[in-house]
Every structure is written in C-alpha cells, then in structure tokens.
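Throughout, protein chains are lettered first and strands after them, A, B, ... in sequence-line order, and every chain is numbered starting at 1.
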There are 2 protein chains.
Amino acid sequence: MSKYNQHHIDRFSTIFNALSNPHRLQIYTLLSGCCTPGTDCNIDNITSCCVGDLGSELDIAASTLSHHLKELSRAGLINMQRDGKQVICSANSEILNDIRQYFQGNPEVHHES
Amino acid sequence: MSKYNQHHIDRFSTIFNALSNPHRLQIYTLLSGCCTPGTDCNIDNITSCCVGDLGSELDIAASTLSHHLKELSRAGLINMQRDGKQVICSANSEILNDIRQYFQGNPEVHHES
DNA sequence: TCTATATTTCGAAACATGTCGAAATATAAT
DNA sequence: ATTATATTTCGACATGTTTCGAAATATAGA
C-alpha cells in the first residue's frame, strides 16, 4: 500500500471524502447493495434506485440529498441518469473494485493511471 | 454491503473521514506499507515509524502533523506509543481488515458489533 | 540542573461543508 | 396550456476543518 503516488493519494482522498459523511455513506451503501446474506458476493449484483426512493430512507431535505448525490457523482462513486421524471442512481462497480484493490495494496491493477 | 446498520455507517464514515484528507491518507498509506511489489500481501507486514520520520515526508508544520495523527488515532486507524523522546506510529491491522470486509460486503465478520 | 530534541497544545485565520427553504427547471399527464 | 411530480440550483447561515506559529510539555543526555 506504500507504493501509491501523489496522484493516487489525491484520487482516493477524494473518494474517501465522498464517503466521509454518514448520509453519503448510507446512500452509497444502499446503492452498492450486493452481497446480501446467503449470497455469493457478486459485484454485478448492484441495485439502482431513483433520487426519491433514496430520499424516503434518509430524512433530509431534497436539496440536501441532491447535493450529496452530486458529491458522490463527482467522486465517481455513482452514476446518475434521467429516466423520465426520475433520476436513476447506481453504484459504479469499477470504482468499488479500485477501492478494494487500494486496501489490498496493489496499485498496478487500477484501471486508470 | 446493504446490510450495514446505522452503527456501522457512523463508524465507517468516521474512518473514511480520517482518510479524506490527502495528508492523512498519505500518512496512513505510509504506515500500512505492506504489499510491496513482488511480495504477497500480508497484513502482519506493517511498518512503524516515529512522528519526525513522517514529518520528513510531508512538508507540513509539526503542529499540523500532530493534529492529523490525532485524527487518525481517534478513528482507530493508527496506534501511537511513546518510546523515549519519540512517539512511534503504526497502522492498526484489525481496522484495515474491517475496511476490507466493508468493501467486500460481509458485515457479520467484523470484530466489533 | 541546564540544554537539546521531539512532540503536543493553544489560539487564530482562512476556508470548506452540511443544511435548509424558496425558487427554478425538467418531464409527463390532463 | 396548465398542472402535478421529481429533482436541482441558489443563497444563506452555522459549524467544522486545515493550517500555521508560538508556547508548552516530555524525555534524554551532559
């Protein structure tokens, strides 16, 4: 894990910053809802849901939720796409893999360099 | 990963908050310097070094470094113990395992509950 | 005890973040 | 066109963070 350079440090600190707020971590945890009990962990098994659905879980103002989603999106952790009246959010599985690899200590496997 | 409760969310958001600052992430990455290239990843292979050594790497005021170390320590990510004039810092490998498991999505394996 | 080295605490300045409500925008249905 | 629903942008406020230098504390050695 010590072989990461400044570029990696900046990238991952941005990612961890996005996950450093309880509301945002809850959103991200909901969206990357793979690995339910009794299931093999499978990163393709990612859920998606619209902004309103997330709002029902969180008890914060819609404007605050929107702000947090933008932060998660800026960090590359989630994708958002409009579908009619709603905006569908989903976890970005590539980044989830990058994070896993970061904590395993293998910088050379990252998809960006 | 969706089976984490509020307690987990609060705990991990605190951890990610500690890693959300580039200087702190650099410190933590230095301290959890396992898995050098050509080496099998082995979390027992954790380095330790004193505050002054870390300061030589970072180009920030000593008081700032001290503040960051306190943050990492508060989050449980590192241990600090005085040895004579120096204070020795080391990564906490249990927490590193918890983080790995968080991103693997297995809440039931955590050492605290 | 006096001095040198290592680290922390304190206080202050600059900056960033989380939150809200109100207003704006986007889309679909009537 | 008007209305209803979903989401975002804006402006503001309170709070938290990062950083520093100066002063304080801890330890070891002369």
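Residues A:Gln26 and A:Leu58 meet the side-chain proximity criterion, which asks for heavy atoms closer than 4.5 Å. Here the side chains of B:Ile27 and B:His68 are in contact, with some heavy-atom distance below 4.5 Å. Contact annotation: the side chain of A:Asn17 never approaches that of A:Phe12 to less than 4.5 Å [non-hydrogen atoms, C-beta and beyond].
Heavy-atom nearest nucleotides on DNA chain C were determined for B:Val87 and for A:Ser20, and the one closer to the 5' end corresponds to B:Val87.
For the pair A:Leu19 CG and C:dT17 P, the computed distance is 15 Å after rounding to whole Å. Protein atom CG of A:Asp83 is 11 Å distant from nucleotide atom C1' of C:dT27, rounded to whole Å.
The only option from B:Asn92, B:Leu19, B:Leu96 that meets the side chain to side chain contact (heavy atoms under 4.5 Å, CB included) definition with B:Leu77 turns out to be B:Leu19.
Residue A:Ile9 comes nearest to B:Pro22 through the heavy atom pair CG2-O, 3.5 Å, listed as atom of the first residue, atom of the second, then distance.
For the contact set between residues 61-69 of chain A and DNA chain C, defined by any heavy atom under 4.0 Å, the members are A:Ala61, A:Ser63, A:Thr64, A:His67, A:His68.
Protein chain A contacts DNA chain D over a range whose 5' and 3' limits, counting nucleotides with an atom under 4.0 angstrom from a non-hydrogen atom, are D:dT5 to D:dT9.
Distance alone, capped at 3.5 Å, places no donor-acceptor pair between the A:Arg82 side chain and the A:Val87 backbone.
Within the 4.0 Å cut-off from OP1 or OP2 of C:dT17, not a single side-chain nitrogen or oxygen of A:Asn21 is found. OP1 or OP2 of C:dT17 has not a single side-chain nitrogen or oxygen of A:Arg24 nearer than 4.0 Å.
The neighbour count for A:Gln81 CD, taken as heavy atoms of other residues, nucleotides or ligands under 6.0 Å away, does not exceed 12.
With ring centers used as reference points, B:Phe103 lies 6.0 Å or more from A:Tyr28.
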